Engineer: 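One structure, pasted below without further comment.
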Number of protein chains: 2
Amino acid sequence: MKTLRVPEATVTRLSIYSRFLERLDRNGVTTVSSGEIAEGVGVSPAQVRKDLAYFGEFGTRGVGYNVKDLMKYTLKILGLDQNWSLAIMGAGNLGFALCTYRGFNVRGFNIAGVFDKDPTRIGKRIGKLEVQALSKFPEIAERENIRIGVIAVPISAAQEVADLMVKNGVEAILNFAAVALNVPDEIEIRNVDLSVKLEILTFNLGFRAAQSL
Amino acid sequence: MKTLRVPEATVTRLSIYSRFLERLDRNGVTTVSSGEIAEGVGVSPAQVRKDLAYFGEFGTRGVGYNVKDLMKYTLKILGLDQNWSLAIMGAGNLGFALCTYRGFNVRGFNIAGVFDKDPTRIGKRIGKLEVQALSKFPEIAERENIRIGVIAVPISAAQEVADLMVKNGVEAILNFAAVALNVPDEIEIRNVDLSVKLEILTFNLGFRAAQSL
DNA sequence: TAGATTGTTAATCGATTAACAATC
DNA sequence: TAGATTGTTAATCGATTAACAATC
């Protein structure tokens with residue numbers, strides 16, 4: 001068993017390459033070079049080739065890459081050659097926004113259930129979805145084969161919701177609550193803290209001001 | 001002029017340290033060691049000390065760090081010893097969720113205006129805010145000293161909105177639209193692509209399955 | 001063949017970690 | 001003083017880039 005280690009930054013870039021390739025394809029472009037991809041997404045050509053080299057040889061020397069083929073390969077690498085059922089945990093404002101976010105659908109993510117524990121929210125409709133009680137999670141997770149859950153509940157409820165998902169077979173979690181969650185090692189988890197992102201900006205603004213003194 | 005280069009990961013961790021310190025402070029803890037911070041946020045003690053060392057000496061050898069002091073220092077480093085006025089561009093579901101997100105307020109971010117170009121949205125209230133026409137942006141940005149803007153509009157409108165902000169003195173942009181924006185070099189810009197985050201998870205699920213073959 | 005571009009290796013760059021002198 | 005923990009240096013680790021042989 002080879003243990004190839006792929007940098008997470010490479011995976012992020014592959015996402016971006018695949019979007020760029022889709023755009024080229026829509027525009028009828030059939031062949032592209034690493035330099036053109038690099039130019040299009042703002043990295044170096046060597047970076048593009050290196051990122052792809054982790055997974056195979058997809059180009060033709062002297063020619064470049066076939067846009068349609070490379071697009072398919074990158075999507076397959078990312079696991080996007082299949083559809084994924086998501087659970088959105090929390091039907092507050094953020095949960096609502098996530099349920100209606102069109103960016104998920106175009107990449108093959110299908111929201112199979114939205115859950116809340118607030119009785120005033122349960123039963124309400126969000127588009128084609130109906131907000132479900134947390135108690136319905138096990139049944140729906142099983143039926144819909146939900147492997148990925150998104151946490152959009154307040155900090156105080158985040159751990160409880162994570163536990164519920166882990167207990168019911170969820171393998172990966174995207175967590176919007178600003179708290180470090182305790183989950184087994186084998187669960188993939190990533191945090192998105194919106195305020196941290198802003199703080200990188202304020203740091204840089206202040207830092208730049210200090211440098212120019 | 002020294003050109004100290006601080007890794008972005010260090011800034012992200014400082015955000016997380018500062019939250020952990022606030023929690024300790026609320027719990028009445030007065031002194032903390034790099035090892036305890038490391039334990040609390042899931043990094044190495046050397047990492048904690050190295051991150052802080054970019055900015056000065058904040059501890060006492062043999063003793064540790066004073067929680068209140070270190071909390072203040074980290075907040076100051078991040079630029080959070082002042083309040084920041086934000087503009088939310090786009091009053092769709094995501095814009096609405098951002099306007100009502102309480103995580104911003106506790107870190108000193110104040111939403112000073114929410115803007116949209118859809119006439120059916122203009123004038124609607126979101127909490128204490130009223131959705132403003134894009135044409136009001138210059139006036140309000142100036143009056144409220146808006147230096148940071150958040151883009152929560154569809155891809156098709158993102159560049160236009162970015163241009164408007166840059167023209168009116170915005171220095172930093174948090175972009176939720178899945179498109180690379182063209183802004184002058186001196187503008188700080190970070191993208192948050194919700195789908196890319198999910199794709200890192202699907203990649204890892206697929207990758208792990210492949211490794212265990 | 002000449003020109004172009006890939007795939008890959010080696011060099012470089014940068015970030016993390018281990019180790020320890022400084023010092024409370 | 002003995003014990004503890006910082007601040008910092010040097011070693012290690014990992015990611016990016018430059019360069020070029022392979023080859024279309």
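Convention: sequence-line order gives letters A, B, ...; per-chain numbering from 1. Quantities reported herein were computed from a predicted structural model and do not represent experimental measurements. Below, each value reflects all heavy atoms present in this structure, side chains not excepted, and no hydrogens, waters or symmetry copies.
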Engineer: OP1, OP2 of C:dT17 versus side-chain N and O of B:Gln47: anything below 4.0 Å?
Structural biologist: yes

Engineer: Kindly say if B:Ser44 contacts the phosphate of C:dT17, meaning a side-chain N or O under 4.0 Å from OP1 or OP2.
Structural biologist: yes

Engineer: Rounded off to whole Å, could you give me the CZ-to-P distance for the B:Arg5 and C:dG14 pair?
Structural biologist: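 That distance rounds to 8 Å.
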
Engineer: For A:Glu188, is there an ion pair with A:Arg147 - N to carboxylate O distance below 4.0 angstrom?
Structural biologist: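 The answer is no: the pair does not qualify as a salt bridge.
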
Engineer: Strictly under 4.0 angstrom, non-hydrogen atoms only: write out the protein contact profile of nucleotides 1-12 of chain C, one letter per nucleotide from the 5' end, B, S or -.
Structural biologist: ---BBBBSB---

Engineer: I need the minimum non-hydrogen distance between A:Ser18 and A:Met71, along with the two atoms involved.
Structural biologist: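 Of all heavy-atom pairs spanning A:Ser18 and A:Met71, the closest is O-CG, 4.5 Å.
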
Engineer: I need the single residue from A:Thr74, A:Leu75, A:Val48 that forms a side chain to side chain contact (heavy atoms under 4.5 Å, CB included) with A:Leu14. Which is it?
Structural biologist: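 Answer after filtering A:Thr74, A:Leu75, A:Val48: A:Thr74.
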
Engineer: Consider only side-chain N and O atoms of B:Ser15 and A:Glu199, and report whether a donor and an acceptor are under 3.5 Å apart.
Structural biologist: yes

Engineer: Are any of the side-chain heavy atoms of B:Tyr101 and A:Asn93 separated by less than 4.5 Å?
Structural biologist: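 When only atoms from C-beta onward are counted, A:Asn93 and B:Tyr101 do not touch, as no gap falls below 4.5 Å.
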
Engineer: Roughly how far, to the nearest 0.5 Å, is OG1 of B:Thr31 from CG of B:Asn66?
Structural biologist: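 These two atoms lie 6.0 Å from each other.
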
Engineer: Taking atom OH of B:Tyr73 as the centre, report whether more than 12 heavy atoms of other residues, nucleotides or ligands fall under 6.0 Å from it.
Structural biologist: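 Count not over threshold, so no.
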
Engineer: If you take all heavy atoms of A:Ile151 and A:Ala158, which pair is closest and at what distance?
Structural biologist: CD1-O, 3.9 Å

Engineer: Pull out every stem in DNA chain D, meaning runs of 3 or more consecutive Watson-Crick or G-U wobble pairs with both distances under 3.5 Å.
Structural biologist: C:3-24 with D:3-24

